[in-house]
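Right, one structure below, let's go through it.
Labels below follow one simple rule: chain letters A, B, ... track the order of the sequence lines, proteins then strands, and each chain is numbered from 1.
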Amino acid sequence: MNHGLVLQVVVPLATAPLCVLVRSGRAAGWLAALVALFLLGNALWLFGEVRAAGPMAYALGGVPPPLGIEYRLDLLNALVLVVVAAVTALATWWAALASPRELPGTRLELFFAAWLLCVTGSMGLLLTADAFHVFVFLEVASLATYVLVAHGPHRSALVASFRYLLSGTVAATFILIGIGLLYAMTGTLNLHDLAERLPAVADTRTVQAGWAFLGVGLCLKAAVFPLHLWLPGAYASAPSAVSALLAGIATKIAVYLWLRLFFATFARAVPVADMPVDDVLLLAGLCGALVGSTVAVFQDEPRRLLAWSSIAQVGYMVTGLGLGSRAGLHAALAHIVNHALLKSAAFLVLGTIALRLGTGARTLRVADLAGLARRMPGLALMLLVVGLGLVGMPLTAGFLGKWLLVEALLERELWAAAAAVLVSSLLAVVYVWRLVEPMYAAAPAAPAEAAGPALGPALRWGLMLPALLLCAAAVVLGVETGFSVGVTGDAVDQLLGGGR
Amino acid sequence: MQLLQHYNHWIAVALMMLGLWVLIESRNLVKKLIGLNMLQAAVFLLFLTIGVVEGGTAPVLEAGRETYTNPLPQVLILTAIVVGVATTAVGLALVVRIHRAFGTVEEDLVDREEGA
C-alpha cells in the first residue's frame, strides 16, 4: 500500500505536539516550515502518480471500505492538494521568519502547534473519502484556525475569532446534520458507497433535507453571500501569516468539498427539478461578487479590502458551481487554483510591508502605502501584479478563471449574469487602484516611529521570497496555460465522468 | 399517532431551533456559547435516535441477546461530543481573553469598545 497518502496527514499531526516539546518558539517555527516543505514534496509526488497511473486509494488500518475509512486521491484532489501544499509551505516559511517580530511575547511553540493542526485538518479534508471524516477534519482545522486568528496583535482579533468560532461551529453542525441524515437513509459513510446508494433514496425528504443542511453548512464555511460576515474580521485582525494561510486554503477547501460532495457523490441523485439549488447558488454567487467588490472599494485597511475581495472571488467560484455544467465547474476549479495563489501572495506582501514599515500592533492603513514604490519597489511591484491578477488581466492566472467563467455563462446564454461578472471586475479595478495608486503616485508619508529595530537584509529578502514565488507562480500559470486550463479540465472530466 | 411516535425527533428539532435562537439573539457571549451547546446537543440526540433498533439492547455483546442498537451512530456522536467540548473550551478561553481585553462580555459593549 502506498503510504504517501496517509503520511500527508500523519506527519503534521505528529509534529504538532513536538512543536510544543521543543520549547523554543523559533525552533518550532522552523520545524513547522520543514514539515510544510515535506508536505509539498509529497503532494507533488502524489500528483505525479495520479497523473500517470490514475486514482489511488488507501484503506486506513488495512480495513477495506466501505466498512473502513478510506483515503482516495484522484486528479481533482491531487490538484487542490498541490495548490494547498504550496500555499502552506510558503506561508509557513514566512510565518517562521516573521512571527517572532510580528507577535512578540507570544508563545510561538503553541502558535505553530496550532498551525500544524490546521494543516493536518486541511490535508485530511482533501484526501478523505469518508463523510464523517470530513466533519472531524473540518473541525480539527477550524478549531486550530480560531486559535490562530485569536493571536492577532490587536485585541479585535479576539472578537473576530469568537465570531468566526460561532459561525464555523454552526456550519460544522449543519454539515454533521446533513451527514447524519444521509447515513440514516443509506447506512453508509463512505463517499463512493453513498454515491451508489443515494439514487435509490434520492426522492425522500430526508435526503433532500440532508442535502440542504450540507449545502448551507458548506456555504457558511466558504463565506458565500449572505453567509460571509465572519470573513472580513477574521482576515483583517489575524496575524499576517495566518491571513495568508487562511486566504489560500480555508474557503477553497470548502468549495472543493462542495465539488466532491455534490458533483461526485450526489451527482446521480440530485433531484434538480425539485430544488432550485442551481439558481440559488448562481444568485448567491453573483450577489457575493457584486457586494464583495463594492464594499471592498470603501475600505481603508488593505487587509479588510482584500478580505472583501475574497468574498467576491468566492462568489465567482460559486457562480461556476451554480451553473453545474462542465464549463462552470472548470471555471470554479481554475478559480480555486488561481485565487489561492494570488490572495496568499497578497497577504504575504502586505504582511511584509507592515513589518518593514514597523506598524506594530496598529493595523496597516491605505495611507501607509503612500509612496511605497520608491522605498520598497519590489514589494510594490508584487502588490501590483497580484492586483492585476485579481482584476483578471491577461497574462495572469486570474484572467483564465474569469475567462472560463464568462465563457460558461455565455454558453448557457445568461447574459445578465455575464454582465454582473464584468461589472464586479470593473469594481475590482477600482479597489485595486485604491491600493496601487498611493504606492506609485503619492508622496511618501513621514516615517513613523518603527516598533522595534529595522530588519536586516537577510530577513528582508527572506520575507520577500515566499510572496515572490507565489506571484511568479500566478504569472507563470497565466502564461503557461497547460496547467491551469489543461489539468483543471482533466480533473473536472474525471469528476463528472467517473464518480468512482 | 405516527407523529407522536417520533417524539424524539420533535424534541431534537425543538432543541435545535432553541439553541440557534439563543445563539443569534443573546448579547452575552457566554450565553451564545450556551446556545451553541444546545444546538450541538440536539444534533447528538437526532443522530442517536436514528440509530435505535426496535427491541435492541445496548451495543455490548451479551449472551442470549440477538438484536443490538446500531453502535455506529453512538461512536460518531462520541467523536462529535469531543469536538463540541473542544469548541466550547476554545470559545470560553476566547471569552476570558475578551473580558480581560475589553472589560465586558456583552456583545454590544464590546462592539462599542472596538469602535472606540
Side-chain angles (χ1 to χ4, degrees), chain A residues 66-67 114 117 121 130-133 135-152 154-189 206 209-210 213 217 233 237, chain B residues 9 12-13 16 19-20 23-24 26 29-30 32-33 35-52 70 72-73 75-77 79-103 105 107 110-111 113-116:
Chain A
L67 281 179
L117 286 175
D130 181 280
F132 193 69
H133 234 42
F135 168 71
V136 172
F137 275 130
L138 194 59
E139 280 301 77
V140 168
S142 302
L143 280 173
T145 310
Y146 310 145
V147 170
L148 288 175
V149 169
H151 272 94
H154 193 255
R155 65 182 183 172
S156 57
L158 297 170
V159 181
S161 174
F162 189 78
R163 294 221 168 94
Y164 186 11
L165 183 146
L166 290 178
S167 310
T169 312
V170 170
T173 309
F174 276 22
I175 291 173
L176 182 61
I177 298 174
I179 293 171
L181 292 176
L182 291 180
Y183 171 68
M185 291 311 291
T186 57
T188 179
L189 290 170
T206 315
F213 272 112
S237 329
Chain B
H9 291 83
V13 170
M16 207 185 290
L20 210 49
L23 177 72
I24 295 174
S26 299
L29 296 181
V30 178
K32 281 181 184 283
L33 283 176
L36 193 63
N37 272 290
M38 284 168 67
L39 174 67
Q40 291 174 322
V43 176
F44 303 155
L45 192 58
L46 185 67
F47 250 79
L48 292 174
T49 312
I50 287 170
V52 168
N70 190 349
L72 186 58
V75 165
L76 299 182
I77 292 308
T79 310
I81 290 175
V82 171
V83 170
V85 167
T87 309
T88 310
V90 174
L92 288 174
L94 281 171
V95 169
V96 168
R97 289 283 295 273
I98 289 178
H99 187 255
R100 218 176 279 164
F102 288 90
V105 287
E107 192 190 22
V110 167
D111 280 341
E113 272 282 308
E114 242 194 309

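- The residue among B:Val90, B:Val95, B:Thr87 with the most heavy atom pairs within less than 4.5 Å of chain A is B:Thr87.
- The distance from the OG1 atom of A:Thr169 to the CG atom of B:Leu36 is 5.0 Å, given to the nearest 0.5 Å.
- Rounded to the nearest 0.5 Å, atoms CZ (B:Arg97) and CZ (A:Phe162) are 14.0 Å apart.
- What you find for A:Gly180 and B:Ile50 is that their closest heavy atoms are O-CD1, 4.1 Å.
- B:Leu29 touches chain A through backbone and side chain together, each having a heavy atom under 4.5 Å away.
- With a 4.5 Å cut-off on non-hydrogen atoms, B:Ile98 touches chain A through its backbone and its side chain both.
- In terms of non-hydrogen atom pairs under 4.5 Å with chain B, the most contact-rich of A:Val147, A:Ile177, A:Val140, A:Val136 is A:Ile177.
- For the pair A:Tyr183/B:Leu72, a side-chain contact is recorded, criterion being any heavy-atom separation below 4.5 Å from C-beta on.
- In terms of heavy-atom proximity, A:Leu176 sits nearest to B:Ala80 at CD2-CB, 3.9 Å.
- In this structure, chain B has a heavy atom under 4.5 Å from the side chain of A:Phe174, while its backbone stays farther away.
- Here the closest non-hydrogen pair linking B:Phe47 and A:Ile179 is CZ-C, 4.5 Å.
- In this structure, chain A has heavy atoms under 4.5 Å from both the backbone and the side chain of B:Leu76.
- When each of A:Phe135, A:Tyr146, A:Phe132 is checked for heavy-atom pairs under 4.5 Å with chain B, A:Phe132 comes out on top.
- For the atom pair B:Leu94 CG and A:Arg163 CZ, the distance stands at 12.0 Å (nearest 0.5 Å).
- Note that NE2 of A:His133 and OG1 of B:Thr79 are 10.0 Å apart. Values are rounded to the nearest 0.5 Å.
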